[in-house]
Amino acid sequence: MSAPTTATPPGGVGEVVHDAPARGRILPRPVTGQEVVLVVVIAALWLVLGLATPAFFTSGSIIPLLVSMSPIALIGVGMTIVIITGGIDVSVGSIVMVSAVVTAQALVDHGLSLPVAVLLSVLVGGVLGLVNGVLIAYGRVQAIIITFGTLNLFKFVGLQFFGSSTVEGIPATFAFFGRGEAGRTLGIPHSFLIMLVVATAAWFYLRHTAGGRHFYAIGGDAVAARLAGVAVRRRSLIAYVLTGLLSGLAACFVIAQGTTSLAASVGSGTELAVIAAVVIGGTSITGGRGSVLGTVLGALLVQTVTTGVTQLGWQSQLSDLFVGLFIVVAVGADLVRQRSRRTS
Amino acid sequence: MTTATVPDPTGTPPARTTGDERPSLASRLLRLVLTQRIALLVVLLVAVVITMTTLSQNNYLSAPYSPSYMSATLINLVPLVLLGLAELLVITSGRGGIDLSVGAIVSLTGMVFGFAYGQWGWSLLAALALAVAFGALCGALNGVLVAYVGFPALITTLATYYAFRSLALVINDQQPISTKPVQDLYSTAAAVQLPFLPESFPRVPLGIFTFLVPTVVVVWLVLARTTWGRRLYAVGTNDVAAEWTGIDVRRTRFSAYVAAGAISGLVAVVTVAQFASARPDAGVSGTGMALPAITIAVLGGVAITGGIGRVAGVVLAALLVVWLNAGILLAVPGNAGTQLQLFALGAVLVFAALLNGITNRRYGGTQ
Amino acid sequence: MTADPTPAAPPRLEVAGIAKRFGAVRAIRHADMRVDAGSVHALVGENGAGKSTLIKILSGAETADTGRVEFDGRPTDIGSTAAALALGIATVYQEPQLFAELTVAENVFTGREITRGGRIDWAAQNAKVVELLELIGLPARYATVAVGQLSIAEQQQVSIAKALAGDARVLILDEPSAILTDTEVEVLFGVVRRLAASGVSIIYISHRLDELFTIADTVTVMRDGQTIGTHPIGELSVRRIVELMVGGILDDARQERVVPDGDPVLELRGLGLEGAFHDVDVAIRPGEVVGLYGLVGSGVAEIGATVYGMSRATAGSILVAGREVSPRSPRQAQQLGIALLPANRKQQGLFGFQPISFNISAGHLPLLSRLGVWVDRRREREVARSSITRLSVKTPDEKQAVSALSGGNAQKVVLARQLVERPRILVLAEPTQGVDVGAKEEIHRIITQLADDGTAVLIVTSDLAEAIRISDRLQVVRAGTTTVEFGPGATQVDVLAAAAGAVDESGVPA
Amino acid sequence: GQGSGGSASGGDSGGESGGPTIAFVPKLQGIPYFEAMNAGGQAACEELGCTWLYQGPVEADAAAQADIVRSFIQQGVDVLFVAPNDPDSMAPLLQEAEDAGIKVGTTDTDAPDSVREVFVNQATAEGIGQALTDQIVDAMGGTGRYAIVSCGETAENLNSWIDVQREYTASQYPDVTLTDVVYAGEDQAAATQMATDLLNADPTLTGLVGECTSAAPGVAQAVQDAGRVGQVFTVGLGTPRSMADYLANGSSSASVLWNVQNLGYLTAWAGLQLSDDAGFEASNDVSSDLSGVEYDDSSKTLLLGPPLVITTENVGDFDY
Ligand SMILES: Nc1ncnc2c1ncn2[C@@H]1O[C@H](COP(=O)(O)OP(=O)(O)OP(=O)(O)O)[C@@H](O)[C@H]1O
Ligand SMILES: Nc1ncnc2c1ncn2[C@@H]1O[C@H](COP(=O)(O)OP(=O)(O)OP(=O)(O)O)[C@@H](O)[C@H]1O
Ligand SMILES: [Mg+2]
Ligand SMILES: [Mg+2]
């Protein structure tokens, strides 16, 4: 038997979904749909907050918000790269703790200058990141397991520096990164600016250099990346070291945002806040896809929610509920968009 | 062009057997310890107990590391093992399965249980059933999002962790519930003399018998002997293949999260009993309960990539951690002792993970 | 072992005494091979003979335990994939090694990006990729498409483009034709010939032995981890190669079957799935083997998936034993008596690190359990053991993880799963893809036997010789719909012509 | 080299001092408050002849604290003092300790429904709540609106002080309103950010109270960062050294606390009394520093005294 055949236009066979990308472009769009959604959501939130609490749009309100989100976004830049490679780093909170205590103690004991103190903090973070990186890249173990381990190990190290005490009387060296007058130039907080510079550099690195693209390749298929001649181990090592370095820098911001004393609880819970920012920003937790810009927006959204809940005078414990909801909504939006792209 | 032929040394094509020569006993033992997580854990556990007992006998400890102490510390084993099993189920279900929200479920369910049992005067059984059902409901929310909507588990449970934690605090204005019935529940967690055994036999926390053993047996039976267990492992190993095999992948994965939620509900009751109060931050204070539970699961040999994980591994890993921690408290006085516990946990985890890496290269995987 | 006593020039690549074991598995016992410059050197052998392992060693993806490698007469140590690439050894692996989220251009250049001042020179890369795409017969605009959006066959072609992007001196192709259509294979051969003419050495692995005679200069045969011999193609015939591979003699005559009369047990009436196929009409009687032959991308694969409940048809109807059904899931399809062997065994078939017995029983848990709850572990073991014997799976025992089996043996395990309960309707998608001749024979025999026992078999394949050989009736799928039907006597030329659209519908052979 | 100086001499059980062994389990280790208590207890034992043991969990977590208590029970100490994170959950453990022949007491935070034989109280909830309120209202000039940044949502003593503040503000200071209570956990940076948010949400706010030792400097820092020193006033429960800078620059008006070392000293002394079965008088002369310490028999509570108000004047007198 034979069926009556409907004529199909030529070219209908053997072609799957190719007309989606525009001509003349060899990279995915610089701004993903997720980022557009986030911008819209944040704008809407800011509008609502501005209407509800008149003080929201004053610099006294916006600047602390930008300062507060900076360390999370900064670590988020590193975490984004790590997650793009298909890894994860849950030890960043402990890295912040160790960097912060070492630096704060050195500030108290030796009265370091600002650049030296920053360098110290970044170096300490980098060393711990190197520990993670070596274990993960050369021990060939899942990142989540190793970093759960080093989360505890680093915390132990940090506690040794604290010596069952707090660091008191930290000088105002880091006021440059702080919330106060000394932390601003032309009204823009330094910590936010630095974070933006780092994020922009990371954006360029990830998008336009061979090394940056290799992170995506590794996250897409590590075996294939190795076969293609990508230095997979060295690349993943770099991702963790970068995260460590940025956590060290973030530790300076954290010291600056705290008081003149530093307690052992510093940094705890950072990892979840950072991961929340990264995933809200549209980075795929399974690797191979993600953007630094999204992470920065994710951190901004989370901080907006926390600030908003307090400023609206709602129970502060509710902010977590909203953060949870936003994670679901943001990831849901991303999912819907991906599906529609696939089926179109 | 020429024809080059390799003369076959035996004349016939060699038989395709594995392992041609018999390895020595020592290398077989090494292989066993490296490839069988259970064997490794037993070795470590024995090492810890022997070390501590020796230290104890030579008076290096501030108090005897005796059977009665070891048994008293078992009270911590109950929540640790149960939540470790909850993680085992979801991690085994694959696709990056993990549950960060178990601690928050414990908090929220504990409050619900506290209301029912402590305030509305429900019977213990009814309140227990409610707790398990409510925990399962929380798990079902995770399950729907992960299995049916397709959210990554890490993100889903991070979101619900935030949400449940927040609700647990708000639901009773951050007040714990500690009415008389709730306080009296401690008797179900306290250590008891076992029947038919001599006086000298150490007293064992009741929770071991009322909660731990039944749950362990049930989870073990379900995983190792039932078709649901088979489906779970199949889904965790390769969910696309499971789909083509006719397994309802979504329902299987969904049910893993529901089961994890139900177990967390059970832990909520255990925790309420142990603390003699329903506390809104029971499962999230400090580092929370989820991280230790995941740690235990991983240490117990559960592969984070899914499809691999055994109940015995989780139980042994939890026992190892509990007894190691208990020993450290006696060996190292002062703040240094509690700090050293962090080090020990981290070191054991990294060590086990590295060993996994070596094993993978040398023997092609751990079981 | 003998070699040319006075070689004018050293061979491009020579390996000797290579051995490699994975734990207890001796993947290669002893391998020798010499590949001359500008020659197409075929490497053949049964599944699990060690071909892929040998080329992985040559490409630096694995390291040999013993043995020596010479490149252009110089002893060389290929320690890493990067080292192999630096020598000019480019490889297209059996499984495509691509990054779904990256574009074709990026995939081609991953690991050797063209940069200018540290920044990737997108323009230069793109220009080069457009050239390569033209060479392998893909449209130029694919350069900017994410690889994840391409079909598997297209991805395979991208892999080839990728291998060609560097200036290869040795190009290794591991079963490149397995998932290509005949036209695509022709394009590939054109590329291979051109490269060989320009002095590139090609190592070519394939199970489609007939194609060796159009492309290969020399053939090395492997058996049980050893190279058995190397022969110029002129000294060989398909039959001879097969005999070398299996060490025995094969009977490949088609057995004439008489299909019993009866009402169709499976009928597809005007079946359609938006974007994939439309107006598909097929009817199969019990005991009948019907082939659906179509080029890759013709929609033929999706037809099988729809019958099996993986996709919901958007038009037409499916009738099982005369009753209209619409399976929504494989589970429902199975309850209707439909079984399916998926085409992509690694993704859709295998539970990698689980034992063989697990892999077989996974599809039959209700049968192999008491009350549908408790797994009957003894029966599970028995079923697994008998399947292993019946399909001659090469394995020490049923506890072996399937990931440790070679591709073809793993395929047999997946097939075994479909045969545990005799299905009323069996859909086989590419049943022998990547399977060696011996196993292919075996699988064909089993299919015929199933049909003899009353099962209706629908074979969805892009292997024309197989389609003709095994089917009682053969339907050609073109442009997403069933067109022409052939009886048992069809010739390859007729069918291919119909599939490519050369025969108009009126000329239906009986 | 690890651990605190405080724990070092606690190391050898049956150490130089001899006498009964008194163990103290704080809510958490590594904060100046409890380390100061430890120092006070240690000094007392050196003077009075007892062995002082001190071990605290790394985080303020009831379960981790229970492990340490259990290990002290196993060590068979003579007296056990606990500052429970969760009073309800500590009660059964104290029962177990008593069953093992250990004298038990609470200090800093009570477990009222337990078998503890004494509670060493730093100050009454009324005393603290009222002092905090008086200080903030005083700083604000007797009128205005203030908010509280608290720490753990479930910390019972903090919540009881907040309750007192609510009621006392409403009844005593009709011109003053307590607007909001937010919870920042033990995190100073979070406390600072939340205080900042409170300031922004309500520009008419002129007072902030930091309810615990991490929030007290946090609220002061927020005011300083916002450049509103002299317009917004803060008080809090801060340890002297952590507050010194803020008191000096005026971002904090006062810190309400008590002499924490004395609290530790009193705890050790009470432990000795318990182990000697000596009991307590209605008024006890403990040391030259601590005379006339009241004991309330009905609630079995030793009261250190009225809270101490730390200002620029006396902040230098303390070394923790
Ligand atoms: N499809 C293409 N074909 C040829 N050249 C291209 C193509 N797309 C981009 N280029 C070239 O690559 C270079 C950079 O491209 P483009 O301007 O898109 O990058 P960009 O703007 O820096 O980054 P982005 O695309 O992320 O905004 C330019 O020289 C451009 O001409
Ligand atoms: N990573 C590995 N671990 C263990 N065994 C392996 C591994 N890779 C290959 N093997 C085994 O080595 C042998 C040779 O496998 P190889 O893949 O080289 O076969 P092949 O000739 O390519 O077969 P096919 O034609 O089926 O692809 C097989 O028995 C296989 O099971
Ligand atoms: Mg551009
Ligand atoms: Mg192969």
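Every chain is numbered from 1, with letters handed out A, B, ... down the list of sequences. Every value quoted in this text rests on a predicted model; they were computed, and no experiment measured them.
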Taking atom CH2 of A/W46 as the centre, report whether more than 12 heavy atoms of other residues, nucleotides or ligands fall under 6.0 Å from it.
->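 Enclosed: over 12 neighbouring heavy atoms sit under 6.0 Å from CH2 of A/W46.
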
Verify the neighbour count for atom OH of D/Y320: are there more than 12 heavy atoms of other residues, nucleotides or ligands below 6.0 Å?
->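 Result for OH/D/Y320: enclosed.
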
Distance-only donor-acceptor check, side chains D/Q188 and A/S261, under 3.5 Å | yes

Establish, from distance only, whether the side-chain atoms of D/E35 and A/S165 form a donor-acceptor pair under 3.5 Å.
-> no

How long is the straight-line distance from [atom2] of [Y] back to [atom1] of [X], given to the nearest 0.5 Å?
X	Y	atom1	atom2	result
D/T239	A/E168	OG1	CD	5.5 Å
D/S214	A/L262	OG	CG	12.0 Å
A/S164	D/N38	OG	CG	8.5 Å

Which residue out of [options] racks up the most heavy-atom pairs below 4.5 Å with chain A?
options	answer
D/Q193, D/M243, D/Q29	D/Q193
D/T213, D/V58, D/D245, D/D197	D/D197
D/T192, D/V181, D/D180	D/T192

Close side-chain approach of A/R179 and D/Q224, heavy atoms under 4.5 Å |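 Not touching, per the 4.5 Å side-chain cut-off.
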
Which pair of non-hydrogen atoms, one from [X] and one from [Y], has the smallest distance, and what is that distance?
X	Y	answer
D/Y246	A/T260	OH-N, 2.8 Å
D/G30	A/T166	O-CG2, 3.7 Å
A/P64	D/N200	CG-ND2, 4.4 Å

With a 4.5 angstrom heavy-atom cut-off, which part of D/T196 approaches chain A: side chain, backbone, both or neither?
->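 For D/T196, the contact with chain A is made by the side chain alone.
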
Under a 4.5 Å heavy-atom cut-off, does chain D meet the side chain of A/S265, its backbone, both or neither?
->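 Just its side chain gets close to chain D.
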
